[in-house]
Structure formats: C-alpha cells, structure tokens
Engineer: 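Right, I'll just put the structure down here and ask away after.
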Protein chains: 2
Amino acid sequence: MNAASNRQHFRGMLAGQRLRITRQREAVLGVLAEAGAPLTVESVYLKLRERDAAICLSTVYRILATLAGKGLVTKSSTPADHRSRFALTTDRHCHHLVCLGCDRRVPIADCPLKELEQALHRNTNFAISGHTLEIYGYCPACQETNA
Amino acid sequence: MNAASNRQHFRGMLAGQRLRITRQREAVLGVLAEAGAPLTVESVYLKLRERDAAICLSTVYRILATLAGKGLVTKSSTPADHRSRFALTTDRHCHHLVCLGCDRRVPIADCPLKELEQALHRNTNFAISGHTLEIYGYCPACQETNA
DNA sequence: GTAACTGCAAACCCTTTGCAGCCCC
DNA sequence: GGGGCTGCAAAGGGTTTGCAGTTAC
C-alpha cells in the first residue's frame, strides 16, 4: 500500500467513526501502520518528532485513547513493562512471542484459546469478552549476548 | 491451617531465605494467605491498616519486592489495570478468569500453553521463560446489573 | 459559527529511593 | 553491636486533565 492510498484509508477509518480528520490523527495512524507491531506511546511520539511532525505527547495519548475507544487501534500491555502499547486493530486475532532482551516481537499464528473460552462460558456463565496472552523469553541473538 | 501454624509456616519461609522475621513481613504474608487471590499493593496495605497493623505503604512495596525476588510471592499484572498484584507462590501454575465489573477472579484449572510453548521453542529457538494469560469478561451477577 | 480537537502545563497515580532511626540476629 | 529493615517524605515515570487557543466541519 503506498502513501497516498494509506492516507485515503486513514481518512476513511476516521470518518467512518465520525472522528474529525486532523493532521495529528493521520500522522499517528501512519506511524502505527509502518510499525506493524505494538508501539509504546512514547515511541509513537518520538517517531512523529523525527519526521518533523509538530505534536504534543498528551495529544498522542488522547488520540490513541480515542482510537482505542472506537476500536481502530488495540491497546496492550506487557508484563515486565508497565507502559501501554498500541497497534492498528487487525481483523486477525493474534498473539506475540516477545523477547525480553531486545523487545523483538514474533507473531504467533493461531490462538489456542477459542475452545477454552467456550468451555469456560459453559462452566461459569461468564460473558467472556476477551483475553490477553503473551509468551516471553529470549531470542537466539539475546541468548548469545547474555551467555 | 490455623493462625499459629500459619505463623510458624511464615517464619520458616522467611528464615529459609535468610530474611529477617519482622512483624511487618509476617503480617503481609498473613494477608496474602487469607486472600488466596492476587492482591494489589494498596489492598494489602489497607487490609493491614484495618487490622491495626502499623505499617507504611512503601514498606509494603519493599516487602513484596523482596519476597518476589526470593520467589515466595509471585507478581502479576492485569491488563485494564496498570497496578501490580501479588500472591503467595503456589506450586500449581494457574490462570484466572477475571470479571471486568467486580474484579472477581476465578482460577482456571489447566494451563493450555505447555504444548504451544514447546512447539514455539522448536520453531523459533526462543528460550521461553514464561507467559501471561488472562481471560476477562463479566460474571453472571454483573451481567444482570448492567443489563 | 461552533463543537471538536490540540498544546501546554500542572496534576495524578503508582512506584521507587535517600536517609535517619529502629530492631532482629 | 551491627547490618538489615522500617518510616517518612520527596522524587520518579507514565498517564490524565483543565483551560485557552486553534481547526475541521
């Protein structure tokens, strides 16, 4: 997808949720689209500053909270790191294998929890709305470094 | 287990890790033992105050950090809540079904991830050190309240 | 024009830390 | 007695908020 069509896509996403199209919101969506993986609020902010986008950190927070509320981005949090991370919401539900050394993230193809959730609903009558799953460890490169 | 034997047990846990036995540490262990589920630092602190135990919040933080370092308690963090929680370390590895309405936590018997972790290790050569899994939704009572 | 949005700075919550005094060993 | 532990208060990091000015519609 090129820059121009990306931009059209972002505008459609915002308009579809009755959100105003602002330079800042487009820029945040652009950074998340390029990243592909969940980013901390601070790194979104820093990437924007690198590309000379004038924006305030609290605005990044507000934009991400708004977009998360509309479901356009998804918030996640890592153990061993108290900062929130955000990524564009994808249709595909997916988890990550996270390296505790270098923060590299490898997507995991399947979600093994659908059956478990159905069983839990039957057993407990909870209305299950979601789950978090993250597997962490050290990638081959970081294992060598720390050895 | 009655109060006296609990107390003996706590002393053994502390001494076994070469930690000094203090009134505050015994009290923190007592609160966690009664709770059974992971507690926030603040709720540990409040429960101690309720029972007239003179203790400072930062001491609770320090005690829990120390005990977690020795493996006597286990730290966990919930999505949708940036606060850490602590529970007595149990032999049994276990996850929870959490109610987003009232914070009630129901333990889930099995961990469905052992096989997945082994497969991931084979495929990626990551040294896998752990995972987080939490399933959330609304318990029957909260479903009625919000209906 | 007007409501939504942004920038700025201050406030907020959770957590950590420096230091002086206390208490377990 | 001495070092580990605690209380207190202040600082730290991430996040939220009040308000005035700006901008999209």
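Below, chain A is the first sequence line, B the second, and so on; all start at residue 1.
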Engineer: One thing to verify: whether A/Glu134 and A/Arg105 come together as a salt bridge, which I'm taking to mean a side-chain N less than 4.0 angstrom from a carboxylate O.
Structural biologist: yes

Engineer: Taking 4.0 Å as the cut-off, does a side-chain nitrogen or oxygen of A/Tyr61 come that near to OP1 or OP2 on D/dT16?
Structural biologist: no

Engineer: Whole angstrom is fine here: how far is it from NE2 in B/His82 over to C1' in D/dT16?
Structural biologist: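 Spelled out: NE2 on B/His82 to C1' on D/dT16 is 10 Å.
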
Engineer: Nearest-nucleotide wise, let me know which of B/Thr22 and A/Ile63 is further upstream toward the 5' end of DNA chain C.
Structural biologist: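 First, find each residue's nearest nucleotide; the 5'-ward one identifies A/Ile63.
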
Engineer: What is the nucleic acid contact for A/Ala54, judged by heavy atoms within less than 4.0 Å: base, sugar-phosphate only, or nothing?
Structural biologist: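 Sugar-phosphate only.
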
Engineer: For A/Leu67 and C/dA4, what is the distance between atoms CG and C1' respectively, to the nearest whole Å?
Structural biologist: 14 Å

Engineer: Just how far, in rounded Å, is C1' of D/dT22 from CD1 of A/Ile55?
Structural biologist: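 Interatomic distance, CD1 of A/Ile55 to C1' of D/dT22: 14 Å.
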
Engineer: Tell me whether the side-chain N/O atoms of A/Gln24 come closer than 4.0 Å to OP1 or OP2 in D/dT23.
Structural biologist: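 For D/dT23, neither OP1 nor OP2 has a side-chain N or O of A/Gln24 closer than 4.0 Å.
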
Engineer: Checking A/Arg51 against A/Glu34 for the salt bridge (charged side-chain N to carboxylate O under 4.0 Å, His left out) test, could you report, in this order, the C-alpha distance in whole Å, the side-chain angles of both residues, the deciding distance, and whether it holds?
Structural biologist: CA-CA 13 Å; A/Arg51 56 178 73 170; A/Glu34 277 184 21; 3.1 Å; yes

Engineer: Quick one: are B/Ile63 and B/Gln24 in side-chain contact, heavy atoms under 4.5 Å?
Structural biologist: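 Yes; the side chains approach each other to less than 4.5 Å.
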
Engineer: Is it the case that the side chain of A/Thr40 and the backbone of A/Arg83 share a donor-acceptor pair, with hydrogens and angles ignored and the cut-off at 3.5 Å?
Structural biologist: no

Engineer: Tell me: CG of B/Leu19 to C1' of D/dG3, nearest whole Å?
Structural biologist: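 Distance check: B/Leu19 CG to D/dG3 C1' gives 14 Å.
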
Engineer: Answer yes or no: side-chain N or O of A/Arg62 and base N or O of D/dG18 forming a donor-acceptor pair under 3.5 Å.
Structural biologist: yes

Engineer: Please determine if a side-chain N or O atom of B/Arg20 lies less than 4.0 Å away from the OP1 or OP2 oxygen of D/dG4.
Structural biologist: no

Engineer: Rounded to whole angstroms, how far apart are NZ on B/Lys75 and P on C/dC14?
Structural biologist: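 After rounding, the gap between these two atoms is 14 Å.
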
Engineer: With sugar-phosphate meaning primed atoms plus P, OP1 and OP2, does B/Arg25 contact a base, only sugar-phosphate, or nothing at under 4.0 Å between heavy atoms?
Structural biologist: sugar-phosphate

Engineer: In terms of side-chain heavy atoms, does B/His95 have a donor or acceptor partner in A/His131 at a distance below 3.5 Å?
Structural biologist: no

Engineer: Tell me if the side-chain of B/Arg18 makes a donor-acceptor pair with the base of D/dG4, cut-off 3.5 Å, by modelled atom types.
Structural biologist: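 Under the 3.5 Å cut-off, the side chain and the base do not form any donor-acceptor pair.
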
Engineer: Would you kindly give the CG-to-P distance between B/Leu57 and C/dT17, to the nearest whole Å?
Structural biologist: 15 Å

Engineer: For C/dT15, take OP1 and OP2 only and decide whether either is under 4.0 Å from a side-chain N or O of B/Ser84.
Structural biologist: yes

Engineer: From CD of A/Glu26 over to C1' of C/dC5, roughly how many Å is that when rounded to an integer?
Structural biologist: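 Taking atom C1' of C/dC5 as the reference, CD of A/Glu26 is at 14 Å.
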
Engineer: Nearest whole angstrom, please: distance from the P of D/dT23 to the CG of A/Leu14.
Structural biologist: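 Whole-Å distance recorded here is 18 Å.
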
Engineer: Does the side chain of A/Thr59 get closer than 4.0 angstrom to OP1 or OP2 of C/dG7 through an N or O atom?
Structural biologist: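 Yes, because at least one side-chain N or O of A/Thr59 sits under 4.0 Å from OP1 or OP2 of C/dG7.
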
Engineer: Ignoring the backbone of A/Ser58, work out which of D/dC25, D/dT17, D/dG7 is nearest its side chain.
Structural biologist: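 Ranking D/dC25, D/dT17, D/dG7 by closest atom to the A/Ser58 side chain puts D/dT17 first.
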
